[in-house]
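Only one structure is covered here, and it is reproduced in the block below.
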2 protein chains.
Amino acid sequence: MTISVEHNHREHLLKSLVAMLGQQIPTAAIITEIEQLRAFECDAFTTMRQLPLLTVLPETIEQVQHVMRCCYQLDIPVVARGAGTGLTAGSMPVENGVLLGMSRFDQIHNIDLDNRTALIGPGVRNQAVSDATAPYNLYFAPDPSSQLACSVGGNVAENAGGVHCLKYGLTVHNVLELEIVTIEGELITLGSAALDAAGYDLTAVMTGSEGLLGIVVKIRVKLLPIPEYKKVMLAAFATIEDAGHAIAAVIGAGIIPAGLEMIDQTGIRAIEELMHAGYPVDAAAVIICELDGSAADVEDELNRVIRIFRALNADDIQIASNAVESKRIWAARKAAFPALARLAPDNYIMDGTIPRRALSQVWNQINQLAEEYQLQVVNVFHAGDGNMHPSILFDSSDESQHQRAFELGTRILELCIEVGGTISGEHGIGLEKINQMCLQFSSSELQQFHALKRAFDDKQLLNPGKQIPTLARCAEFNAMHVHHGDMPFPHLERF
Amino acid sequence: MTISVEHNHREHLLKSLVAMLGQQIPTAAIITEIEQLRAFECDAFTTMRQLPLLTVLPETIEQVQHVMRCCYQLDIPVVARGAGTGLTAGSMPVENGVLLGMSRFDQIHNIDLDNRTALIGPGVRNQAVSDATAPYNLYFAPDPSSQLACSVGGNVAENAGGVHCLKYGLTVHNVLELEIVTIEGELITLGSAALDAAGYDLTAVMTGSEGLLGIVVKIRVKLLPIPEYKKVMLAAFATIEDAGHAIAAVIGAGIIPAGLEMIDQTGIRAIEELMHAGYPVDAAAVIICELDGSAADVEDELNRVIRIFRALNADDIQIASNAVESKRIWAARKAAFPALARLAPDNYIMDGTIPRRALSQVWNQINQLAEEYQLQVVNVFHAGDGNMHPSILFDSSDESQHQRAFELGTRILELCIEVGGTISGEHGIGLEKINQMCLQFSSSELQQFHALKRAFDDKQLLNPGKQIPTLARCAEFNAMHVHHGDMPFPHLERF
């Protein structure tokens with residue numbers, strides 16, 4: 001009986017909404033067929049799935065404004081989606097909500113060479129920006145592993161990073177101006193083409209807000225000159241401690257590499273098996289270091305890095321002598337996660353960030369925890385900026401393993417918080433880490449987040465239930481957490 | 001009669017507040033004597049003055065929390081003040097409000113070498129951070145002209161820049177974590193020691209919010225390695241156009257100097273008269289260019305810059321051959337504003353930022369406007385990042401000049417907006433530019449700012465009347481503006 005009432009309600013809502021949307025949006029851009037909706041039920045965190053009420057694929061800013069006005073009037077939630085490559089269920093639909101696909105906003109509006117900026121739609125792929133600006137010797141710095149597929153709008157939503165963000169910053173450091181549509185359908189501009197903008201820094205607030213504050217419809221990104229010269233090296237270490245100290249020593253010497261990555265033995269072996277890149281399979285850890293700048297500068301820094309690595313017992317140092325070899329080293333690193341997929345059916349990728357001084361300590365503690373939970377953890381770190389991606393390998397068809405994997409994940413994030421780090425480096429919170437937000441922040445801090453959210457979205461219609469947990473949710477989670485009860489995670493029905 | 005009632009109300013308020021504050025704050029830290037309060041009646045924008053109800057000089061975070069709780073309970077406005085070097089009346093007191101002086105928070109709590117950060121109080125002077133970290137070969141990058149005197153808390157409030165922000169960013173790019181006390185007296189932490197933090201980017205929102213959102217009580221700043229090698233040069237140009245093109249050409253060549261400044265002839269002559277630094281007094285403009293990095297890199301870039309400058313008819317290029325000569329060039333530039341004080345009794349310093357491509361166009365238009373208003377304008381630019389500081393020279397004792405100076409200022413800011421720039425590069429809005437915010441932003445955008453403000457300060461007690469104009473104020477201003485009526489600016493009673 002209840003189900004039938006709910007069903008009727010849903011049908012009624014769907015009908016009203018489709019009629020209202022249809023006033024300004026072509027029928028072909030409104031998707032209501034279950035089979036077609038399946039394509040939008042999850043992002044790359046595939047453990048969590050939910051069909052939306054419908055999907056809209058607008059093509060113009062006016063259409064986005066219309067969608068928002070309809071949803072605001074009918075009190076219907078809206079979840080925005082870029083390319084769907086997110087790793088934290090941030091763009092998973094809400095039941096009885098609209099999934100707003102922004103893929104058709106894929107135009108590069110202009111490239112301003114004097115000011116080194118590009119004005120683009122949020123649906124433009126990350127790599128496409130650098131491809132379009134390469135003829136002018138410019139590129140867009142954020143480079144998440146998914147850069148071939150992910151959209152810049154998604155990069156903004158998650159404040160994405162990448163292997164080069166140690167030197168060139170996260171997305172927030174590479175975005176100057178955003179045009180957004182609010183939940184009430186207003187079009188507003190945040191930031192400016194200049195370095196500073198008057199008023200509160202809403203560009204920074206919007207960046208990393210995971211679709212909870214507004215819909216980004218235009219983005220002005222900074223472009224950087226392609227470095228004149230690059231050098232990539234790979235060094236093998238016999239112990240985790242030496243590798244950890246080597247990272248600290250490079251940074252301590254005042255060198256800021258373009259990339260500084262660390263991979264443990266399991267990771268090395270998995271990558272090598274897939275990519276045959278010449279990674280040293282007997283090493284406890286390898287470090288990949290990329291230096292860029294002028295040729296003289298890079299060669300000088302390269303020699304200093306080699307001396308530091310040798311002093312810490314690096315026993316195999318490969319220096320790429322040309323672009324092909326550099327690409328081979330990086331391609332293998334970027335294939336780390338596909339490579340791990342061959343080791344186990346499921347892979348729970350963490351994204352904690354810790355102060356650099358804690359690197360080898362945390363690495364060792366993670367290995368101890370892995371033993372305790374009887375699971376394999378592979379460590380792939382953006383070590384230079386302390387952003388760790390420990391991957392917990394498990395088989396989700398084994399209920400016990402599944403449960404242990406997520407408990408272990410929570411323990412690892414707690415460890416990050418304990419040493420003064422954070423639970424998200426570049427993947428965002430989404431639904432995946434929403435409980436851990438209760439550990440990271442105090443009630444006052446969460447209340448401040450909620451107050452800010454209400455300032456943009458008083459009806460709580462934008463991507464509801466994601467990123468910032470309610471205080472009630474935290475009370476429940478902390479109670480269970482303190483009593484070491486069963487973790488509710490990741491049972492979808494709780495969200 | 002009215003006056004007497006108001007006076008009684010004020011006396012009553014003062015008495016209640018002093019009693020309440022006294023419960024946790026020593027009497028000596030509560031200032032109520034008019035003569036002593038005079039020290040706090042304005043910042044460096046001395047045209048605007050206002051005595052506060054009282055001044056409190058807390059020494060501990062608990063005391064700040066107590067002040068806020070008292071004010072929140074009694075509905076008393078609070079204006080925070082750092083070193084009082086601000087240029088936009090941002091820390092000018094409010095009548096019947098508390099002036100919260102943060103000068104006693106002047107401790108450097110720790111310097112973390114592994115993570116290259118320092119944890120400091122907001123009252124620490126900007127220069128003191130770099131002095132304390134110099135033994136470790138580290139420094140704090142933002143360097144406003146007032147860096148000997150200004151506090152880092154003030155830098156955070158105004159999102160201060162400086163001559164090196166082209167390469168090393170504004171304050172927001174050099175702050176990782178803030179502890180703040182809210183208007184309700186809660187202590188919360190924004191950001192983290194890591195590169196990214198979970199949740200909305202409240203660190204960025206707080207930076208540049210001019211005391212309207214909370215009181216900063218602790219700051220974790222990034223430290224940068226002191227560059228191995230620096231080279232400073234001064235080049236003279238016979239026309240403004242050549243100088244403007246030279247700036248664009250340097251940036252267009254992919255060179256990012258540590259500093260890239262431009263000064264016009266009147267500025268050069270005023271500086272030279274005061275400082276005897278060897279500036280070429282017959283040039284239409286000079287450019288100061290500082291390059292830093294490794295020796296090889298700097299020498300290579302220096303040669304490229306010289307070639308660019310020569311191709312654009314630079315007829316006198318001085319290259320500092322040692323630290324003393326570099327210092328001479330910079331010290332003279334940093335003395336530009338004191339030097340201008342010798343030319344006229346008053347100096348209205350603007351702070352617009354424009355896209356680089358518009359530099360010489362805007363420069364010429366400013367000179368035309370100066371002629372129209374029969375006033376002298378001196379142009380000193382942080383040219384590399386398009387941040388202009390045109391200085392309008394006038395005598396405030398001449399009412400007509402005073403009026404024309406502020407009208408001209410408004411025209412210059414409008415010009416910045418027209419070419420796609422902003423009305424503030426690094427000095428903030430305060431009271432000085434609050435009307436121009438009505439030109440820069442739409443009603444929807446201002447409403448979004450107000451909504452954000454309410455999320456932090458529902459009673460509108462923090463630095464009320466500054467930075468973000470009410471829509472009513474803008475309606476009034478725009479009406480007058482459109483009708484070319486008298487500018488109400490800067491009559492204090494209107495604020």
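Chain letters run A, B, ... following the sequence lines, proteins first, then strands; residues in each count from 1. Predicted model, so just to flag it, every value in this text is computed and none were measured.
- Residue with the most contacts toward chain B among I251(A), L138(A), I423(A): I251(A) (heavy-atom pairs, distance under 4.5 Å).
- Listed options G208(B), G252(B), P355(B) were ranked by heavy-atom pairs under 4.5 angstrom with chain A; first place goes to P355(B).
- Only the side chain of E186(B) comes within contact range of chain A, with heavy atoms under 4.5 Å apart.
- Annotation: maximal heavy-atom pairing with chain B below 4.5 Å, among A296(A), G254(A), C416(A), occurs at G254(A).
- What you find for T422(A) and S192(B) is that their closest heavy atoms are CG2-OG, 3.0 Å.
- Only the side chain of I468(B) comes within less than 4.5 Å of a heavy atom in chain A; its backbone stays farther off.
- With a 4.5 Å cut-off on non-hydrogen atoms, D112(A) touches chain B through its side chain but not through its backbone.
- With a threshold of 4.5 angstrom between heavy atoms, Y136(B) does not approach chain A through any atom at all.
- Of the two parts of T189(A), the backbone and the side chain both hold a non-hydrogen atom closer than 4.5 Å to a non-hydrogen atom of chain B.
- Counting only heavy atoms from C-beta outward, the side chains of R116(B) and I256(A) approach each other to under 4.5 Å.
- Looking at every heavy atom in both residues, A193(B) comes nearest to G420(A) through CB-O, 4.1 Å.
- In summary, of the residues considered (I180(A), L202(A), L213(A)), a side chain to side chain contact (heavy atoms under 4.5 Å, CB included) with Q448(B) occurs for L202(A) alone.
- Within the 4.5 Å cutoff, the side chain of R356(B) has heavy atoms near those of the N115(A) side chain.
- Between Y200(A) and Q467(B) the shortest side-chain heavy-atom distance falls below 4.5 Å.
- Chosen from S209(A), G421(A), A451(A), A455(A), the residue pairing most often with chain B at heavy-atom distances under 4.5 Å is A455(A).
- When each of S294(A), P225(A), S442(A) is checked for heavy-atom pairs under 4.5 Å with chain B, S294(A) comes out on top.
- Looking only at side-chain heavy atoms (C-beta outward), T207(A) and D201(B) stay at 4.5 Å or farther from each other.
- In this structure, I188(B) CD1 and S444(A) OG are separated by 7.0 Å, a value rounded to the nearest 0.5 Å.
- Comparing G199(A), A253(A), A249(A) by heavy-atom pairs within less than 4.5 Å of chain B, the highest count is held by G199(A).
- In this structure, the portion of I429(A) lying under 4.5 Å from any heavy atom of chain B is its side chain and not its backbone.
- V205(A) is listed as a side-chain neighbour of V205(B), based on a closest heavy-atom distance under 4.5 Å.
- Within the model, atoms CG of D114(B) and CD1 of I247(A) stand 12.5 Å from one another, a figure rounded to the nearest 0.5 Å.
- Within the model, atoms CG of D297(B) and OH of Y229(A) stand 13.0 Å from one another, a figure rounded to the nearest 0.5 Å.
- Neither the backbone nor the side chain of A248(A) comes within contact range of chain B, judged by heavy atoms closer than 4.5 Å.
- Looking at V172(B), only its side chain comes within 4.5 Å of chain A, counting heavy atoms on both sides.
- Heavy atoms of E426(B) lying under 4.5 Å from chain A belong exclusively to its backbone.
- In terms of non-hydrogen atom pairs under 4.5 Å with chain B, the most contact-rich of Q447(A), K453(A), E184(A), H450(A) is K453(A).
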